[in-house]
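First comes the structure, then the notes that go with it.
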Amino acid sequence: MDKLLTIIVPCFNEQEVLPLFVEAVTPVRKELKEKHELNTELLFVDDGSTDKTLEILRDFHARDESIRYVSFSKNFGKEAGILAGLKNTKGDYAVLMDADLQHPPELLPLMYNTLTTPDSDSDTTGSGPYDSVAMYRDDRKKEGFFRRHFSSVFFRLMNRLSKLNIKNGATDFRLMNRPMINAILSMPETNRFSKGIFNWVGFNTKWLPFETGERPAGESKWSGGKLLSYSFDAILSFSEVPLKICSWLGIIFCLVSFFLGIFHFIKTIIFGDPVAGFPTLYLMMLLLGGIILLFLGIMGQYLARIYLEIKQRPVYIVKETEDNDPIHQKER
Ligand code: UDP
Ligand code: MG
């Protein structure tokens, strides 16, 4: 029997690009069917869009059964979209793609080929067979100065601070097989950083470079602030290093004050106490106060995350899928 590939597309307010996306992916689906005997289905995850995204998706499904969708009750973020997509994957394989055509659908046959027919060329990380084919961006020049530098610093910091090894330029554009999908679904955490999770579960991954396309319409949903807090989340959910720095600095400062205490004790015995040293005193207080506040903050961040995980809140809430579409229901 032919295998099935689920193409997962998280969308948040993508009314302009959705028709373009389907138009671009349709010939590729045909090619996969004809040349690779691979059936495909499209699975859109509407991440609480406030524009016409959901209406467009209902319409897609009414016209083509192989286009499915899941719609959230509000915006839960792209990570939640990825999880919902993988959970609802019926296929033997799943590929994650952005709706904005920045992940070119034309690359799917190449990715599928690489996954199923392992090669042994030089830039492979290990050799096949692979469980996953992941795409990394090879065109950072196209991005703005801020984003380019920010993301390369982020990847370096992330790898240094955690036991992960995420490729610089890694994207969520990734094809994987059923065992890897199941492994990802077995990770119960609420604070999800997919690039970290993909790396953490292991499996044999082949990295391929690609050039991101231009977004044909709509705009990027990532503001500078959102990007910063995403990076912060990522580091905190995969690294204990900030906590360790905290304890080490604490120990160092205790030692310093202990020896300073001895020094002053001896000095006072030998030379008496000429009521000096107020600057030292208040500077020390300021410094220590500052450091304590800083690290209380870091501890607080971890605590907040533990708190969120313990509450076991769902990562997303589904409001509608193609099975309970209120508009087209009567027709069936
Ligand atoms: N996206 C989402 N939820 C969000 C933000 C983005 O599902 O809260 C989707 C978005 O619709 C797109 C993909 O994630 O399909 C990538 O988003 P975008 O193009 O805005 O990010 P960029 O390419 O600038 O990194
Ligand atoms: Mg984009």
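In each ligand, atom 1 is the first atom listed, and ligand 1 is the first ligand listed.
Heavy atoms only, all atoms of each residue included: Val315 and Glu189 are closest at CG2-O, 4.2 Å.
Glu41 and Thr6 are linked by a side-chain donor-acceptor pair at a separation below 3.5 angstrom, with hydrogens and angles left out of the test. A donor-acceptor contact closer than 3.5 angstrom is absent between the side chains of Thr53 and Gln15. Counting only N and O atoms by type, the side chains of Asp131 and Asn204 include no donor and acceptor under 3.5 Å apart.
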Q: Under the ring-ring contact (aromatic ring centres under 6.0 Å, His included) rule, what do Phe60 and Tyr69 come out as? Steps first, then yes or no, please.
A: CA-CA 9 Å; Phe60 280 163; Tyr69 67 87; 9.5 Å; no

Q.
Quick one, Asp46 with Cys11, criterion side chain to side chain contact (heavy atoms under 4.5 Å, CB included). Give me CA distance, side-chain angles, the key distance, then yes/no.
A. CA-CA 5 Å; Asp46 164 35; Cys11 353; 5.7 Å; no

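The distance cut-off of 2.8 Å around the Mg ion (ligand 2) captures these protein N, O or S atoms, sorted by chain and number: Asp100 OD2, Gln102 OE1.
Around the NZ atom of Lys33, the shell of radius 6.0 Å holds more than 12 heavy atoms that belong to other residues, nucleotides or ligands.
Near ligand 1, residues Pro10, Cys11, Phe12, Glu14, Asp47, Asn75, Gly77, Lys78, Asp98, Ala99, Asp100, Gln102, Arg147, Arg215, Ser220, Lys221, Trp222, Lys226 each place a heavy atom inside the 4.0 Å sphere around the ligand atoms.
Ring-plane geometry between Phe173 and His103 is classed as parallel, the angle between the planes falling under 30 degrees on a 0 to 90 degree scale with a further cut at 60. The aromatic rings of Phe150 and Phe154 sit parallel, their planes meeting at an angle under 30°, below the 60° perpendicular limit.
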